[in-house]
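Please read all numbers here as calculations on a predicted model, not as lab measurements. Numbering starts at 1 and runs along the sequence shown.
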Amino acid sequence: MFNAPAAQIFRSCTGALSSAAFARSSATAVGRRAAFAARSRHYSDDKSQSAEQSTSSEAEAKEKDQVDVSPESELLSKLKAEEGKVADCMSRLRYLQADYLNLQRNAAREKEQARDFAISKFAKDLLETVDVLSMALKSVPQELVNSPQESSNATSPPSSSSEQKSPETYLKELYEGVESTQRLLLNTLFKHHVKPYDPVGEKFDPNLHEALFQVPMPGKEPGTVFVTQKIGFMIKDRVLRAAQVGVVQDTQS
């Protein structure tokens, strides 16, 4: 078996070998840790550099935007916006002005119509009086009105007594008074734009004429007015009363 010195030498060699192996493993671990730390620092440095680069690029972009948006361009944009508002206001103003002018014209026309046609009902009621006066004048024979006694009475001196007048003279004077009354009434209506019309010989118009009867009459054109029972009246361009007429009948139909 081994002696004591040899065993002691063996233990010392074994301890030295184990110490070298431990030192070698420790050095390897320390190297690995240093490499990992170096890689970590490199990654963090790259990350910080990229963050700084992105921040600097954003700052440069903002500076470019600020450089591009100059005071002149900002004023031009505001001016364009205000010009658009002014154009919109002018368009609305034109529409309002046109509406106001139309309202004025319509109001003036309605006022004129109200003034012109306000007496329509009253004038239509007066037409009955005109018809009665016309009937009274037609009832007097024309040969009596135009008799030569009128000229003889005009040359003879006026008599002091009314008993010397003949009935024909009284009738003539009455006729003249009724005729003057009718003329005065028609003139008054004419002042208010009420005008009579007699459609004898005209073509029958249902808007202006009222046919009371039809009679076949050879030698006359069918559909024409040959007699007027009551004359018609117009108030301006509106029919106040249609003329009551007789119409020539068409025998061929």
Distance, nearest 0.5 Å, that separates [atom1] of [X] from [atom2] of [Y]:
X	Y	atom1	atom2	value
Gln113	Ser120	CD	OG	10.5 Å
Glu82	Leu75	CD	CG	11.5 Å
Lys230	Gln244	NZ	CD	5.0 Å
Ser180	Leu185	OG	CG	12.5 Å
Gln97	Asn102	CD	CG	11.0 Å
Ile231	Thr228	CD1	OG1	8.5 Å

Leu184 backbone acceptor or donor facing Thr188 side chain under 3.5 Å: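 Side chain of Thr188 to backbone of Leu184, a donor-acceptor pair under 3.5 Å: yes, one is there.
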Side chain of Thr224, backbone of Glu221: donor and acceptor closer than 3.5 Å?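 Yes; at least one donor-acceptor contact below 3.5 Å.
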If two hydrophobic side chains count as joined below 4.5 Å and joins carry through other members, does [X] share a cluster with [Y]?
X	Y	value
Met217	Phe204	no
Val225	Leu208	no
Ile235	Phe122	yes

Over all atoms of both residues, closest heavy-atom pair of [X] and [Y]:
X	Y	result
Lys203	Pro222	NZ-O, 3.1 Å
Pro216	Pro218	O-CD, 3.9 Å
Gly232	Ala243	N-CB, 3.4 Å
Val239	Tyr197	CG1-OH, 4.3 Å

Polar contact flag, side-chain donor to acceptor under 3.5 angstrom, Gln182-Ser134: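 Gln182 vs Ser134: donor-acceptor pair found between side chains.
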Examine the side chains of Gln104 and Tyr100 and answer whether a donor and an acceptor come within less than 3.5 Å of each other.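 Checked: Gln104/Tyr100 side chains pair up, N/O donor to acceptor below 3.5 Å.
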Carboxylate-amine/guanidinium contact Glu176 Lys172, below 4.0 Å: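 No salt bridge links Glu176 with Lys172.
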Does the distance from a Lys or Arg side-chain N to an Asp or Glu carboxylate O, for Glu210 and Arg241, drop under 4.0 Å?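 A salt bridge is absent here (no side-chain N lies under 4.0 Å from a carboxylate O).
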So do [Y] and [X] actually touch side chain to side chain, heavy atoms under 4.5 Å?
X	Y	answer
Leu133	Glu179	no
Phe226	Val215	yes
Val245	Leu212	no
Val227	Val200	no
Val247	Phe213	no
His192	Phe117	no
Lys165	Glu173	yes
Lys195	Phe233	no

Please identify each residue that fulfils side chain to side chain donor-acceptor pair (under 3.5 Å) with Arg109, with sequence neighbours left out.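 Only Asn106 meet the side chain to side chain donor-acceptor pair (under 3.5 Å) criterion with Arg109.
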For side-chain contact (heavy atoms from CB on, under 4.5 Å), just list the numbers for Asp125 and Lys121, CA-CA rounded to whole Å, side-chain angles, deciding distance to a tenth of an Å, and then say yes or no. CA-CA 6 Å; Asp125 292 338; Lys121 183 174 176 56; 4.2 Å; yes
Mind running side-chain contact (heavy atoms from CB on, under 4.5 Å) on Leu189 and Leu126 for me, showing each step along the way? CA-CA 9 Å; Leu189 292 174; Leu126 285 180; 4.1 Å; yes
Show, in sequence, the C-alpha distance, side-chain angles and deciding distance for Met234 and His193, and conclude whether the side-chain contact (heavy atoms from CB on, under 4.5 Å) test is met. CA-CA 8 Å; Met234 302 276 294; His193 309 287; over 6 Å; no
